[in-house]
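Have a look at the structure below, then the notes.
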Amino acid sequence: MRRWKKTAALALCALVLAGALSLSASASPGNVNLMAVNERVLLDLTADNMPRTVGGVLYVPYTMLSYQATGIDLGVNAMYSTTKRTLLVTDGQLGVVFDTRANNAQDLSGAEVSAQAMVRNGTVFVPIDWLCDYFGTISCTRTSTRHGTLIRLTSSSAILSDRSFVSAADNQLADSLSRYLESGGRGEGENPVPSGGAEASEPPSGGELYLALLWGDDGEECVRLAEGRGLRALFLFTPEQLREQDDLVRRLVGAGHTIGLSLEGEDVEACMDQAADGRGLLAAIARCPALVAGAPNLDREGRDALAQDGFAVWQPTLKGADYSTGAALARKLDPQQVNYVEIGCGSGGARFLRTALDAMEEENCRIYQATAPALA
């Protein structure tokens with residue numbers, strides 16, 4: 001019996017060793033590219049999204065630049081449109097639009113640029129060194145580690161040097177490599193497939209939307225729901241609510257949310273008075289300008305007057321108040337165009353928002369932050 005147990009144990013050890021050798025053979029640390037943004041290792045490394053070099057150009061998944069994906073504000077953000085099949089990379093002033101169908105790129109003035117994106121296994125990749133040169137505010141470095149080559153994207157807010165970061169993040173880098181191997185990755189030895197826009201390679205997604213939340217009794221719970229999913233939203237406050245919630249408004253601004261004004265006047269004059277009041281309050285409370293305003297009672301002429309006064313005017317195409325549940329609202333999203341969704345944070349608003357976000361997640365919807373440049 002003892003001999004049988006010993007033989008079985010030896011056989012089991014041999015199997016474990018063989019499995020380990022098989023994993024190590026599939027990808028050695030030298031040809032695996034790990035990812036980090038500022039002081040965070042991106043642990044979702046897979047065979048599909050690993051950065052890779054094609055024709056001497058390093059391509060990284062656009063999600064490294066996406067605030068929605070990483071929760072890190074680099075000052076340069078990437079947003080993919082499933083309806084247009086384009087990727088916008090912008091810092092709010094400069095920008096590049098990569099067209100994955102036409103396989104070209106243009107700046108915001110429409111002039112063609114020399115860079116091209118690449119689509120591989122449902123992920124859009126961008127030439128990161130070119131983008132770093134173009135914007136001048138972000139940097140990309142390569143650092144050899146015992147787990148692979150670390151591709152690190154940083155902004156001026158990064159604190160640690162590459163070597164210090166590698167030392168501090170050793171466990172996370174090991175975890176990232178392990179997840180990559182489990183996904184079937186084999187390192188840079190895989191054959192990359194540059195593609196302009198084969199439809200089968202488009203990232204899967206449901207509707208696209210900007211989300212605005214009208215402040216109310218459930219507001220703080222709505223904030224927790226949004227932030228728990230890595231989202232930043234547009235929060236609309238009346239001037240009176242700004243006065244009552246000054247500490248919270250400062251926190252929202254510090255967390256990167258957009259603060260806008262909810263103007264409830266019945267005519268242009270009343271709304272303009274409220275707008276002036278709100279501007280002064282927001283500047284005094286949070287040292288930031290009021291650039292977005294919603295005015296549901298104004299007609300087109302009134303909204304134009306607000307725009308001439310410097311506001312990006314929020315105009316919802318779907319309102320939570322018109323639907324019994326968040327899931328019902330999510331089903332009404334138009335997949336052929338960008339949706340503008342407004343949900344109230346009054347009593348019951350948090351429950352409604354939770355069901356809406358759950359349904360949107362199931363449908364692979366993309367939720368963008370409604371900022372003044374995005375709405376203009």
Side-chain angles (χ1 to χ4, degrees), residues 20 23-24 26-54 56-78 89-92 94 115 123 125-183 185-190 227-232 251 253-257 369:
L23 277 176
S24 63
S26 67
S28 64
N31 62 15
V32 173
N33 293 325
L34 309 173
M35 297 186 289
V37 177
N38 280 356
E39 269 72 45
R40 180 180 300 172
V41 175
L42 303 185
L43 296 175
D44 59 341
L45 183 68
T46 68
D48 290 337
N49 70 4
M50 189 190 78
R52 59 190 58 253
T53 302
V54 179
V57 177
L58 176 64
Y59 287 84
V60 304
Y62 83 91
T63 48
M64 286 190 76
L65 288 157
S66 169
Y67 178 85
Q68 184 182 2
T70 67
I72 298 173
D73 185 4
L74 289 168
V76 176
N77 189 32
V89 184
T90 180
D91 64 359
L94 297 175
T123 300
F125 291 76
V126 292
I128 191 59
D129 293 322
W130 187 93
L131 287 171
C132 289
D133 289 339
Y134 183 80
F135 290 104
T137 56
I138 54 175
S139 300
C140 181
T141 57
R142 291 86 154 158
T143 306
S144 295
T145 79
R146 65 195 187 96
H147 306 293
T149 299
L150 177 64
I151 308 299
R152 187 184 182 205
L153 192 58
T154 58
S155 66
S156 59
S157 61
I159 299 171
L160 298 176
S161 68
D162 289 333
R163 278 299 167 193
S164 296
F165 176 71
V166 166
S167 177
D170 185 76
N171 289 339
Q172 289 85 2
L173 294 173
D175 190 16
S176 183
L177 175 61
S178 176
R179 296 187 187 199
Y180 173 76
L181 296 176
E182 290 173 359
S183 77
R186 299 188 303 278
E188 286 251 44
E190 301 169 35
E227 292 182 347
R229 297 168 188 257
L231 300 176
R232 295 299 180 270
R251 189 185 77 75
V253 172
H257 296 284
Q369 184 175 5

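Residue numbers run from 1 in the order of the sequence given.
The closest donor-acceptor contact from the side chain of Thr90 to the backbone of Leu94 lies under 3.5 Å.
Taking 4.5 Å as the limit, every side-chain heavy atom of Val57 sits out of range of all side-chain heavy atoms of Asp129. Side-chain atoms of Arg142 and Ile151, non-hydrogen and from C-beta on, do get closer than 4.5 Å to each other. Residues Thr46 and Thr123 have side chains not in contact (no heavy-atom distance under 4.5 Å, counting atoms from C-beta outward). Side-chain contact between Asp170 and Arg146 is present, with heavy atoms from C-beta onward closer than 4.5 Å.
Considering Thr137, Asp73, Asn38 in turn, Asn38 is the only one that fulfils the side chain to side chain donor-acceptor pair (under 3.5 Å) rule with Ser155. When each of Leu153, Val32, Leu45, Leu34 is checked for a side chain to side chain contact (heavy atoms under 4.5 Å, CB included) with Pro51, only Leu45 meets the rule.
Atom OH of Tyr67 sits about 6.5 Å away from atom CD of Gln369, to the nearest 0.5 Å. Interatomic distance, Leu74 CG to Ser66 OG, rounded to the nearest 0.5 Å: 10.0 Å. Put simply, CE on Met35 and CE on Met50 are 9.5 Å apart, with the number rounded to the nearest 0.5 Å. To the nearest 0.5 Å, the span separating CG on Leu42 from CZ on Arg179 amounts to 11.0 Å. The distance from atom OG1 of Thr141 to atom CD1 of Ile128, rounded to the nearest 0.5 Å, is 10.5 Å. Taking CG from Asp48 and OH from Tyr180, the interatomic distance works out to 9.5 Å, rounded to the nearest 0.5 Å.
Judged by the 6.0 Å distance and 45° axis criteria, Arg152 is positioned over the aromatic ring of Phe165.
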